[in-house]
Amino acid sequence: MERLQKVIARAGIASRRKAEDLIKEGRVKVNGKVVTELGVKVSPSDKVEVNEIPLEKEVPVYFLLYKPRGVISSVSDEKGRKVVTDFFPAIKERIFPVGRLDYDTSGLLLLTNDGEFANLLMHPKNEIEKVYVAKVKGIPLRENLKKLEKGIRLEDGKTAPAKVKLLSTDKKKQTSIVEIIIHEGKNRQVRRMFEAIGHEVLKLKRERYGFLTLTGLKAGEARELTTHEMKQIRALALDVSKRRKNS
Ligand code: URA
């Protein structure tokens, strides 16, 4: 027996939280009866319907995309702009991005139809190490980079400690390349962190997510995660969450 919202999430309809909303809104039926409570458990023999449509169990799939700049981290865009799922024309499963990268940010983005997996990775407690390389305006002072390392106050709270490394500077052009490693996923976090120390981000790329990198991929290319990678990244998220709980 499994919780209804988990079953809906695994079927690729929505994330677990969205599935909970669907249940509360009375859009889910179990064996022909509307269920609005969140605690209900179902077995594989129960017939689950969302919006009157029976759940079809999709095989879970996991992809790693090298997102180019100028692409929305979404499955559709009302303004008709390119979205990340456009890079998977042959995939029939309803995949969606795990978190998001800004329109102008390039780099590593995971996509899946496994709502459970996505939820686990996106949960604030489980935030996995993410490595970004930023090209910024100006040449940051060591003391300002230290502020980013310690945590800096943004309008939605203080950022957690980060690792920051000045990789290179161009004195003529007055730009710098900085690597920054963070665990959280606040909206436009890296851009806002640099803005807070007076340096506009001109270019941003996510180079690593946990142990996953972009090796072998060009912008716009994707590959499937191996089962081992998928299990390892899930274990990493669970492990981080356990360590945080115990600390
Ligand atoms: N931080 C940002 O500012 N943008 C991203 O896309 C990711 C992290």
Side-chain angles (χ1 to χ4, degrees), residues 15 63-77 79 81-88 95-112 117-138 140 144-167 175-214 217-222 233 236-237 240:
S15 69
F63 292 97
L64 187 164
L65 170 70
Y66 183 164
K67 176 192 168 304
R69 299 167 75 188
V71 178
I72 306 268
S73 293
S74 178
V75 297
S76 64
D77 182 54
K79 293 185 192 154
R81 290 171 295 182
K82 208 170 177 62
V83 294
V84 285
T85 44
D86 289 344
F87 293 95
F88 300 86
I95 56 172
F96 53 88
V98 178
R100 60 190 292 282
L101 289 176
D102 297 336
Y103 182 72
D104 280 330
T105 302
S106 65
L108 197 159
L109 185 67
L110 296 180
L111 292 99
T112 183
F117 176 82
N119 251 352
L120 175 68
L121 264 55
M122 286 190 293
H123 195 285
K125 263 197 218 140
N126 303 339
E127 286 296 349
I128 288 175
E129 193 168 85
K130 292 156 205 140
V131 180
Y132 293 90
V133 173
K135 180 180 182 183
V136 303
K137 232 185 199 173
N144 280 337
L145 294 180
K146 276 259 173 278
K147 283 185 195 161
L148 296 187
E149 279 184 335
K150 275 197 194 148
I152 195 153
R153 200 158 292 288
L154 301 178
E155 62 193 8
D156 49 351
K158 197 175 169 191
T159 61
K163 288 181 201 148
V164 183
K165 205 196 272 175
L166 184 62
L167 298 181
T175 57
S176 309
I177 307 290
V178 187
E179 180 189 82
I180 177 160
I181 306 181
I182 60 172
H183 294 265
E184 305 155 289
K186 291 180 195 287
N187 192 27
R188 295 178 70 81
Q189 178 163 345
V190 173
R191 291 175 198 274
R192 290 191 294 134
M193 286 173 79
F194 279 105
E195 270 162 29
I197 59 161
H199 294 277
E200 186 192 343
V201 171
L202 302 171
K203 260 188 180 178
L204 186 61
K205 179 178 175 190
R206 179 151 78 190
E207 297 216 321
R208 180 159 70 74
Y209 185 94
F211 58 87
L212 296 169
T213 68
L214 292 166
L217 295 178
K218 296 195 191 91
E221 288 181 348
I233 201 89
L236 189 60
V240 173

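In each ligand, atom 1 is the first atom listed, and ligand 1 is the first ligand listed. None of these values were measured; they are calculated from a predicted model.
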Spell out, as yes or no, whether a donor-acceptor pair under 3.5 Å connects the side chain of [X] to the backbone of [Y].
X	Y	answer
Arg208	Gly210	yes
Ser15	Asn119	no
His183	Ile128	no
Lys218	Tyr66	no

Numbering the atoms of ligand 1 from 1, which are under 4.0 Å from a heavy atom of [X]?
X	value
Thr105	4 (N), 5 (C), 6 (O)
Tyr132	7 (C), 8 (C)
Gln189	1 (N), 2 (C), 3 (O)
Leu204	1 (N), 2 (C), 3 (O), 4 (N), 5 (C)

*asked:* What protein heavy atom lies closest to atom 4 (N) of ligand 1? Include the residue and the distance to one decimal.
replied: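 Going atom by atom, the protein heavy atom closest to atom 4 (N) of ligand 1 ends up being Asp102 OD2, 2.7 Å.
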Could you give the side-chain donor-acceptor pairs of residues 70-77 under 3.5 Å, partners two or more places apart or in another chain?
| unit_1 | atom_1 | unit_2 | atom_2 | d |
| --- | --- | --- | --- | --- |
| Ser73 | OG | Leu101 | N | 3.0 |
| Ser73 | OG | Leu101 | O | 2.8 |
| Ser74 | OG | Ser76 | N | 3.4 |
| Ser74 | OG | Ser76 | O | 3.0 |
| Asp77 | OD1 | Arg81 | NH2 | 3.2 |
| Asp77 | OD2 | Lys79 | N | 3.3 |
| Asp77 | OD2 | Gly80 | N | 3.3 |
| Asp77 | OD2 | Arg81 | N | 2.9 |
| Asp77 | OD2 | Arg81 | NE | 2.9 |

Is [X] close to ligand 1, meaning an N/O of one under 3.5 Å from an N/O of the other?
X	answer
Val190	yes
Arg192	no
Arg100	no

Hey, can you pull the donor-acceptor pairs under 3.5 Å for the side chains in residues 104-112, sequence neighbours left out?
| unit_1 | atom_1 | unit_2 | atom_2 | d |
| --- | --- | --- | --- | --- |
| Thr105 | OG1 | Arg191 | NH2 | 2.7 |
| Thr112 | OG1 | Val61 | O | 2.7 |
| Thr112 | OG1 | Asp114 | N | 2.9 |

